[in-house]
Amino acid sequence: MKLLGIVLATACLGGTLFAGDVTGKVSFEGTAPKPNRLRMNADPVCMKAHKDPVFSEEVIVNKNGTLKNVLVYVKDAKGGAAPKGKTVLDQIGCIYVPRVLGIQVGQELEILNSDPTLHNVHSLSKANTSFNQAMPMKGMKLTKKFDKVETFRVKCEVHPWMSAYIGVFNHPYFAVTGDDGSFTLKGVPAGEYTVEAWHEKYGTQTAKVKVDATGKVTADFKFTVK
Amino acid sequence: MLFEQRARIPVEQRSYGKYYLIFSTILFLGTMWSVWDEVSVRRPWKEYQRRYNDLVLQRLDSLRTEAQARIDSATVADLVAELQKAKEGLSSEEYLNALDQKTDLQKDLDIATREWRFARSRSDATYYAYKKALAEGKDASSLRKELEGHDADIARYAAEMETLNAKIAEVDVLLNRYIGMVDSLQSAYNRMMAEVNALDLKIQRTSSAPVQIRQVMLNDFEFTPFNEIKARIDRCQTCHMGWADELMEDAPQPFTKHPVPELLAKHNPETFGCTPCHRGQGPALTEGFAHGDADRYWETPLLRGVDVYATCNTCHSNELVLKHAKPFTKAKQLVFETGCFGCHEIKGYTDVPKIGPPLNDLTGKTSPEWIYRWVKNPKEYNPHTRMPDFKLTDEEAEAITAYLVKISGESDYRPIRSRGAYGGGSAQQGKRLFESVGCQACHTLGDDQTVRLARGTSYDIAPELTRVGSKVSPDWLFDWLKNPRHYNSEARMPSLRLTDDEARHLVAYLMGQKDAQSLPSVNLALHDEAKIQRGDRLIREYGCAGCHAIKGMENEGKVSVALSDFGRKKYEQMDYGDTRELPKMSKEDYIEHEDGTVSVKRTWAGWVWGKLKNARLYQTERIAQKMPVFSFNDEEIALIRMFLISMTRDVPLPAYQHPFDKRMQHIEAGRRLTMNYNCVQCHTLEEGGGYLVAKYEEAGLGPPPLPESQGAKVQEQWLYAFLKSPTTIRPWLEVRMPTFSLTDEEIGIITKYFLGLSRLELSLRDYSSFAVDEKYLAPGKRLFDVYQCAKCHPTGTVRPGEVSASDLAPNLVIAANRLKPEWINDWLLDPSKLQPGTRMPSFFYEGKGPDETVFGGDAHEQIKALQTYVWSLGARRRPVVAQGN
Amino acid sequence: MQQFLEIISKPDNIPIVLLLVSVIFFTWLAWVKAKKNDSQQVPEEAKMDDKVQVWPYLVRVEFLMSIVVMAVLVVWSVFLDAPLEEPANRALTPNPSKAPWYFLGLQELLVYFDPWIAGVVLPTLIIIGLMAIPYVDINEKGSGYYTFKERKFAILTFCFGFLILWVALIVLGTFMRGPGWNFFWPWEKWDPHYVAVLTNVDLSEMIGIPTRLPDNSLNPLAFIFGGVLVLGFYSLIPFYWMMKRNTEIMRKLGPLRYTIVAFLFLTMVGVVIKILLRLGPPIIGLNPVKYVWVTPWFNV
């Protein structure tokens, strides 16, 4: 049994020892489509939640010419138990926050309704069991777990403009680009991988990376729109 | 030379030792060779089994590694250390002393117990003697004394035992402290390693799995050609070992997991075998023979690709829809819709209505010139028509036209309205109507191919209207639009309840759809008696009456061969005409060359492909062919060919067949009816159809689907009234449910069909007397508000622009007249279960409702309350049955 | 040609090929030995007068040969599997439908004769003929050694009756009769759609006597013509032969045996004549002969 412990410990240490980070940014070239203004007059609660006009978050090009809400992940990696912490998907002001999120197989997703109105969370998943649950009251919480690798859309029928995307992975090497369009995939074990960047409108871009022991690797992506 | 030399040696002196050695060696080696051949070369399945086991082990190992990785190694190490420590405690002095002590005590206890037992035995014997002495009147006092002595012994030993037991228990407490610690740590460790241990067990089982033939024997499966009952033996699983193994999802053949496990749920390979569906040679154990490719005498080789669905028909020939066999369903639909059964007798297609319209009143509808143009080549007028091309000569087309015009002259059809009543419509309005009320579900017009593409067939189910202005007369069209049953009492076209003005608009729009092609300027001799006679003969010869009702041809039989055993037809029985030969081994079945010639593979499959591609392909100067030319696409040809493979008389015995019971009969009748009236053009039914929905950006703006729970959903009375005279349920939709003028019998078929799909029986029930519990009413109202049901289910009129129309749901005021109360409960509990993909969300999760202030959040009580409230919304009215339209 | 190779290498046809080879070999061997014997006064076999014991000198060779045969059969079994075909089905007969190979000669005769002759009369005559051989063969010479000179008639009859009428017809039926029992040369492909010419006429029609009268009844003239031919063949030829060549042997045979031998021999020749009448005329541009003699009860 001691021996087993030693072997296990070595394996775990080895995993972190021979690993590197993949960083990069997702740039955008071309003219971004004008975002649609969201008309929320169907639900007064939603109207009241916003003072300024609200625009669709489908395509957000950051000031530095990068693309927000791109899900970047290692395509063919494996590993690791699900972390204990949960990921939160909030519905606030009749908008999903965050719009794009990644989660590990078996990890808990907490769906929160912060609006005093009826939302329903309809997952359009195919591999995972699809659900469509109503959340009529403010502060309601739902907890979900996913067991298959898949990226799918979540929508609300009451407020047709609401959309979110969830990527389920069997490893922790994924990230979503933020306001500066950069991402970091931490602690990817040494090896050769395909890294994919996925955007809800512009689809998938791939890059090949080779992660050396304790090295840093850069993988940049570019979405070009004519 | 050698022989001559040898011949000189006298027989007695010849030596044969050398020859014996040589030939015995050859015999020995030959025997060894044949044994090796028999054991190894001819049993490749052994190697397959070894490879399979290796593959399983490999995958289990990697699973085990993953499972191991999921376990927190630090925790395990801690646990192991603790366990080790606890185990060490078992050899501590205290524990060992206690153990010794317990052994000594146990020894003493054993002695005491024995003495106690002996004392009791002595006491019993003495008691007997004492009683006997008493009964015999002897002196018993000494015996009595003895007895008392024994009883004292018993008590003494019992007390001793008690003391010892108490001492042992004392020691046990100490011992259990040690053992308990080890046990609890051990079970904690086992729990943690449960997954790994389970995998270890599997690994052990796999590595010791015997290499052996795995066979399924189906006794009394089928009949031989001599009507004797025959068993079927399948050994496919000897090599195809991974069919049920989740691990083998992406494994290479022959280990791949079965791709359609849903089918295996009803046809379990362990009891049903493989060859009933896949064909092939079950008992064979080498690939070529088992698949039947290497054995040219095996009559039913393995079916590959889409062809495997052919065997569904051996047992399911009565059924049009098989849920998990989509290609089969599609093939059945193709045969149903293209009317193969008009000329050929086909199992499962008896009593199907003719697919074409009656041809008795044609001049009331169109002109003789158009009839001529159409008969000559229907595809020229409408490339997507189901009518095939008979490749008629001008003279033949003229003769047939003459006959049709003659019988039209005997018809008494006249439009109801006076001539010219159609006038005054606006084409623009007509176009808007055409595109909104639902005409496009069946009729294509112009460039809008959406529904056609959604259907995915090479033909349309109703005439394309792009050139309709060149075909029909406006008077007829007006009459037809107002009431299709006036012209044709069995018309499939329903009435869309158009007002006179709406119909006029549509006539104006449709009559404007003409093509530039001028009608042939030939002079048709339509009243020549000889021509009419010839037309009569031609119509009979070509079997037009197979698809069309034609006056004077009511009793015509099917003009072509029955297809009952067509799938067994052999290459020798087929004629390939002038086509070039493709050898049997070639990959393609059929090649069209640039010079216009065609090569056909000299097999059954090749012949059928050519025939379906071009029915006149094998025609030669000597051999005339009557079958008309269809224009199937390649996918359809493959499907129809698959269907034809199933045309054999080989049917398993009833025990292996799907019972065609009353429920199935009801469902099947419903399928035929709904396919005949093309209900599936608009409504999704049994996971098929709903093609019109493709026209709408949001599915919710199109016709609603009819899920399997439809029979459990609506009240029979309501359905009857609705089908007789449709009422509005979703006022925001522009598309209309048309009036099909169904007979009571047909409505009965549909009702039973829906009930059958929901696994319900038809029962008479008065829904107006459904009792609601008043105590649930107020909580129901509260929940209705808290859950904001009215957000989607409007109770009043909808203001435009508020919510997108596709996100609206029916007004709940009509619920009490329309829905079954139990269905409301089921629906509220889990809408996606009843109608997968519905936009209605589930409010109840794990037996709880979101609002915990009502009934403590109990889902069933809350649902009851909501049901009661929804039921109370509708003013109770008896459904009004309108007659006619 | 490739198909022909396929056919002769089919597991169930290989014995026939071996039969063919061995028949040719042994016939050749017999001829060679007979020729040698005929050319000298004393036959070779008569010179070998030294005798040895059966045990062990014969038995040891026989045992050796049994080992050889076993070895051949064992190796054979490795290469060739039992030739199973499709399950029997009364609704679907295979094309061509062939009898077991040893009956193919008889099946071939069905092409030229009505079934009652080819299937009943001729086999019966063959058996009777074989049974009759010891009684009609009174030639004492040439027994126990290879010779031709002493037994010309017997050997020629055997060669003709067995090698040509029996073996050759088996070979023909096995290898050259394809679908529809049509004839195919070895280099031709067995085409199931092959169409053969069907223009057989009766012999009487060839010389201008129609077999049937306009009312479809039998023409007595044709009946008489055929009858004269057939009965004449059986009676006049032996009579003429007896008159012309009244040899010692014929006298020894006596009238009864002579009649039996003549009848059997003529039947054998008749079979060949009928075959030639069917096959020959097309070569010179005439129609093949269907029947020689048409009667209301049977046709020959």
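Just so we're on the same page: letters track the sequence lines, and every chain starts at 1.
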Should we say atom NZ of B/Lys46 is surrounded by more than 12 heavy atoms from elsewhere, each under 6.0 Å from it? yes
Can you tell which part of B/Phe28 gets under 4.5 Å to a heavy atom of chain C, answering side chain, backbone, both or neither? neither
Between CZ on residue B/Phe23 and OG on residue C/Ser66, distance to nearest 0.5 Å: 11.5 Å
What do you reckon, is CD of B/Glu345 surrounded by more than 12 foreign heavy atoms closer than 6.0 Å? no
Honestly, the part of B/Glu572 sitting under 4.5 Å from a heavy atom of chain C is both
Side chain proximity check, C/Asp81 to B/Arg42, heavy atoms < 4.5 angstrom: yes
Working for side-chain contact (heavy atoms from CB on, under 4.5 Å), residues B/Phe226 and C/Arg90: CA-CA 7 Å; B/Phe226 296 89; C/Arg90 54 186 163 186; 4.1 Å; yes
Where the side chain of C/Arg60 meets the backbone of B/Tyr16, is there a donor-acceptor pair that is under 3.5 Å apart? no
Residue part contacting chain B, namely of C/Leu73, when any heavy atom lies under 4.5 Å: neither
With a sphere of 6.0 Å drawn around NZ of C/Lys33, does it hold more than 12 non-hydrogen atoms of other residues, nucleotides or ligands? no
Determine, step by step, whether C/Lys189 and B/Glu581 satisfy the salt bridge (charged side-chain N to carboxylate O under 4.0 Å, His left out) criterion, reporting the C-alpha distance in whole Å, the side-chain angles of both residues, the deciding distance to 0.1 Å, and the verdict. CA-CA 13 Å; C/Lys189 198 168 167 253; B/Glu581 178 171 346; 3.8 Å; yes
Mind ranking C/Ile67, C/Val52, C/Leu64, C/Val74 by heavy-atom pairs under 4.5 Å with chain B and telling me who comes out on top? C/Leu64
Would B/Tyr576 and C/His193 count as a side-chain contact (heavy atoms from CB on, under 4.5 Å) if you check the C-alpha gap in whole Å, the side-chain angles of each, and the deciding distance to 0.1 Å? CA-CA 9 Å; B/Tyr576 289 83; C/His193 304 297; 4.1 Å; yes
Tell me the closest heavy-atom pair linking B/Tyr297 and C/Lys10, and the distance in Å. OH-NZ, 3.7 Å
Enclosure of C/Met176 CE (heavy-atom neighbours >12, cutoff 6.0 Å): yes
Just do the salt bridge (charged side-chain N to carboxylate O under 4.0 Å, His left out) check on B/Arg602 and C/Asp191 with the steps written out, would you? CA-CA 11 Å; B/Arg602 294 300 192 248; C/Asp191 180 5; over 6 Å; no
Greatest number of non-hydrogen atom pairs under 4.5 angstrom with chain C, of B/Arg568, B/Gln573, B/Lys570, falls to B/Lys570
For a side-chain contact (heavy atoms from CB on, under 4.5 Å) check, start with the C-alpha distance between B/Val11 and C/Gln53, then their side-chain angles and the critical distance, and finish with the verdict. CA-CA 10 Å; B/Val11 173; C/Gln53 299 284 341; over 6 Å; no
Give, as side chain, backbone, both or neither, the part of B/Gln281 having an atom under 4.5 angstrom from any heavy atom of chain C. neither
Heavy-atom pair count under 4.5 Å with chain B, highest-scoring of C/Pro94, C/Gly180, C/Ala88, C/Pro87: C/Ala88
Identified side chain to side chain contact (heavy atoms under 4.5 Å, CB included) partner of C/Val78 from the options B/Val35, B/Val41, B/Asp37: B/Asp37
Within a reach of under 6.0 Å around OH of C/Tyr145, are more than 12 heavy atoms found that belong to other residues, nucleotides or ligands? yes
Whatever's closer than 4.5 Å to a heavy atom in chain C on B/Arg14 counts as both
Tell me whether the count of non-hydrogen atoms from other residues, nucleotides or ligands lying under 6.0 Å of CD in B/Gln625 goes above 12. yes
Is it the case that over 12 heavy atoms from other parts of the model lie below 6.0 angstrom from the NZ atom of B/Lys626? yes
C/Tyr57 side chain near B/Glu12 side chain, heavy-atom distance below 4.5 Å: yes
Just wondering, are more than 12 heavy atoms of other shown residues or ligands nearer than 6.0 Å to CD in C/Gln40? yes
Of all heavy-atom pairs linking C/Val75 and B/Gly30, the shortest is CG2-CA, 4.4 Å
